[in-house]
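A short write-up of the structure that comes next.
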Amino acid sequence: MAARLGVPGSTLRVLEEALGLDLTAAGDTAEAVAAEGAFYLEQVAITEASEDDYEYEEIADDNFSIPEGEEDLAKAIQMVQEQATDTQILEQKTVLPSKQQVPEVIEDFLCNFLIKMGMTRTLDCFQSECKAREDLLKTQKERDFHRMHHKRIVQEKTKLINDLKGLKLHYASYEPTIRVLQEKHHTLLKQKMLTSLERDRAVGQISGLQATLKHMEIGHNYHASATRVGPNSEKENAPEGPTQKGLREAREKIQCKTKVKDNTKDSEFPTDMQPNPNLYLRKENICPAKFDYKLNSIFRLHELPVSCVIMHPHKDILVTCGEDRLWKVVGLPKGNVLHTGFGHTDWLSNCCFHPSGNKLATSSGDTTVKLWDLSKGNCILTFEGHSHAVWSCTWHSCGDFVASSSLDTTSKIWDVNSERCRCTLYGHTDSVNSIEFFPCSNTLLTGSADKSLSIWDARTGHMIASCDACGVTKLWDFRKLLPIVSIDIGPSPGNEVNFDSSGRVLAQASGSGVIHLLDLKSGQIHKLMGHDSEAHTVVFSHDGEYLFSGGSDGTVRTWS
């Protein structure tokens, strides 16, 4: 039988708050149910015997559940309420404050109730909502944290931007002072150069006076010995005056200096240079210009980029230097390695042959210049004095001097015989990247990263070439210190330029791997394509029939 029991209003409100539903606002039907009470089935045991003595079978009602229609209605009401809440949030553009967390006891009560009533779908929805609420709270906390962190980062960024602007203004205020100091620096360098010239002139005059005094003393000694008549001469017994004492002390100093000078091994720069024996090769009818080079062979010699390739002055031999700290002697045309040089502790930058071809000079990033005996393959001399990497080296045509240029903004001239630095050249304000002695001349040319070329002890006129990181190649007449022509072969940077033996063709090793050949007579530019990567160095053979280039992939390529 069915019995009607009243449900207290407080219990209904607790159920509404736990389920998050407003059952009192569901309509007139819900209000009537709340007023009259709720109905549910109850199992009742009949104790009195039936009149017809019929025995009824008791059936357990364990699968009691809410009808499908009622469950769908509650779910629909919940969905409508959630849509209304979402619409309100979108309209207000604010975050809806989270609902008051349901006590754990009520949650357990609701879960047990739903399980007992067999409302599995409602139970799953309830548990999903509880989990979603926890995830939402966690996400909101993370959002608030990231907002606060973002706000702090924006403040720090604004502060850094303001500081950077202040530093730029501060730096701009120092620019006029720096400009004035640079001008003063150049003025002082000029004054220093003039003072050095005057000093050299004064030293020359003193040397001449000392030589004259020496000759006079020799003549005086000879005259005195000739007029001496005996040990009892009055001149020997005469007292020494202050003038004679000063002359004697000066004579002793001169003799001491002469002995010291005679004991040193300093070399002297040749004053009467012989004419260049290769001048006849520059005649166009003897050595015509060649531009139709084709790739002939590839020699893989180094594991790291090749920094320099040079030809032996008399033999068909190449010497290559690489960033793997090795230099190699290569026989032509097969490309077999005849010798490998070890000794430098850092990458090699350049190398140069002795005029006789039996010695080699190498420069390295380990701040040293080494001289090698090619017949034995061992290092015979090491020059130390630069404070940074040495970029280039060159040998004087007399064979007694080696010059080097360095990252420390200086160039040095080394005496091979006395094994010491004879002179340090100051003047450049940035790294001195290249240095070269002119053949059969005391003229020295340096190229620097300060965008200038310097000529030291220039006595004759020559045309020189230079290239820069923008791909611009310039020809200069250094008698006038003005460029003759400027050619833009960019945009790839130019790494090295070299003339052929005729002086008509200029080769440029490009950062794009292309070898450019410039015809100085017609102005045409020819391109040699064959390198897969950057080309670092290029050199002609003595007869101009071959061209050799080294690349960043460690290969040397032959063009004929």
Using modelled atom types only, decide if a donor and an acceptor are shared between the side chain of [X] and the backbone of [Y] within a distance under 3.5 Å.
{"X": "Glu496", "Y": "Val538", "value": "yes"}
{"X": "Ser406", "Y": "His388", "value": "yes"}
{"X": "Ser364", "Y": "Asp346", "value": "yes"}
{"X": "Ser541", "Y": "Tyr546", "value": "yes"}
{"X": "His312", "Y": "His314", "value": "yes"}
{"X": "Asp468", "Y": "Gly471", "value": "yes"}

Side chain to side chain donor-acceptor pair (under 3.5 Å) between Ser349 and Ser363, worked out: CA-CA 6 Å; Ser349 58; Ser363 58; 2.8 Å; yes

Polar side chain donor-acceptor pair, [X] to [Y], under 3.5 angstrom:
{"X": "Thr340", "Y": "Lys328", "result": "no"}
{"X": "His428", "Y": "Thr446", "result": "yes"}
{"X": "Ser552", "Y": "Ser533", "result": "yes"}
{"X": "Asn495", "Y": "His536", "result": "no"}
{"X": "Ser431", "Y": "Trp391", "result": "yes"}
{"X": "Ser307", "Y": "Trp347", "result": "no"}

Residues forming a side-chain hydrogen bond (donor to acceptor under 3.5 Å, both in side chains) with Asp373, sequence neighbours excluded: Ser375

Step-by-step side-chain contact (heavy atoms from CB on, under 4.5 Å) determination, Phe353 to Leu360: CA-CA 5 Å; Phe353 271 112; Leu360 184 73; 4.2 Å; yes

Asn162 vs Leu160, test: side-chain contact (heavy atoms from CB on, under 4.5 Å). Steps then yes/no. CA-CA 5 Å; Asn162 294 331; Leu160 289 176; over 6 Å; no

Using the ring of each side chain (for Trp, its six-membered ring), is His531 parallel, tilted or perpendicular to Trp559, with breaks at 30° and 60°?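 The rings of His531 and Trp559 sit tilted, inter-plane angle from 30° to 60°.
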
Could you check whether the rings of His170 and Tyr174 sit parallel, tilted or perpendicular, using 30° and 60° as the cut-offs?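 Rings of His170 and Tyr174: perpendicular, as their planes differ by over 60°.
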
Please examine the side chains of [Y] and [X], heavy atoms only from C-beta on, and report whether any two atoms are closer than 4.5 Å.
{"X": "Leu338", "Y": "Val330", "result": "no"}
{"X": "Thr368", "Y": "Phe383", "result": "no"}
{"X": "Leu444", "Y": "Leu425", "result": "yes"}
{"X": "Leu318", "Y": "Met311", "result": "yes"}
{"X": "Trp414", "Y": "Asp400", "result": "no"}
{"X": "His516", "Y": "Ser510", "result": "yes"}
{"X": "Phe438", "Y": "Ile464", "result": "yes"}
{"X": "His339", "Y": "Leu374", "result": "no"}

Can you name the nearest heavy-atom pair linking [X] to [Y], along with the distance?
{"X": "Phe540", "Y": "Ala507", "result": "CE1-CB, 3.5 Å"}
{"X": "His386", "Y": "Thr367", "result": "O-CB, 3.6 Å"}
{"X": "Val432", "Y": "Ser411", "result": "CG1-OG, 3.5 Å"}
{"X": "Ser173", "Y": "Thr177", "result": "O-OG1, 4.4 Å"}
{"X": "Val472", "Y": "Ser486", "result": "CG1-OG, 3.3 Å"}
{"X": "Ala469", "Y": "Pro493", "result": "O-CB, 3.1 Å"}

Just one of Ile525, Thr473, Val514 clears the side chain to side chain contact (heavy atoms under 4.5 Å, CB included) bar with Gln508, so which one?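 Among Ile525, Thr473, Val514, the one that satisfies the side chain to side chain contact (heavy atoms under 4.5 Å, CB included) with Gln508 is Thr473.
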
Can you measure from [atom1] ([X]) to [atom2] ([Y]) and round to the nearest 0.5 angstrom?
{"X": "Ile413", "Y": "Thr424", "atom1": "CD1", "atom2": "OG1", "result": "9.0 Å"}
{"X": "Asp408", "Y": "Asp430", "atom1": "CG", "atom2": "CG", "result": "11.0 Å"}
{"X": "Lys159", "Y": "Leu164", "atom1": "NZ", "atom2": "CG", "result": "12.0 Å"}
{"X": "Thr187", "Y": "Leu181", "atom1": "OG1", "atom2": "CG", "result": "11.0 Å"}
{"X": "Leu445", "Y": "Ile455", "atom1": "CG", "atom2": "CD1", "result": "6.0 Å"}
{"X": "Asp519", "Y": "Lys290", "atom1": "CG", "atom2": "NZ", "result": "15.0 Å"}

Checking side-chain contact (heavy atoms from CB on, under 4.5 Å) for the pair Asn498/Leu506: CA distance, chi angles, key distance, verdict? CA-CA 6 Å; Asn498 233 326; Leu506 180 67; 5.7 Å; no

Atom CD of residue position Glu156 - does it have more than 12 heavy atoms of other residues, nucleotides or ligands inside 6.0 Å?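 Count over threshold, so yes.
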
Should we count CZ of Phe299 as having more than 12 external heavy atoms under 6.0 Å? yes

Any Lys/Arg nitrogen of [X] or [Y] sitting under 4.0 Å from an Asp/Glu carboxylate oxygen of the other?
{"X": "Arg557", "Y": "Asp553", "answer": "yes"}
{"X": "Arg504", "Y": "Asp500", "answer": "no"}
{"X": "Asp415", "Y": "Arg420", "answer": "no"}

Quick one: are the ring centres of Trp327 and His344 less than 6.0 Å apart? no

With side chain to side chain donor-acceptor pair (under 3.5 Å) as the criterion, how do Ser466 and Lys474 come out once you've worked through the C-alpha distance, each side chain's angles and the decisive distance to 0.1 Å? CA-CA 5 Å; Ser466 64; Lys474 291 188 177 183; over 6 Å; no

Any chance you could lay out the side-chain contact (heavy atoms from CB on, under 4.5 Å) test for Val402 and Leu371, step after step, and finish with the verdict? CA-CA 9 Å; Val402 173; Leu371 305 185; 4.1 Å; yes

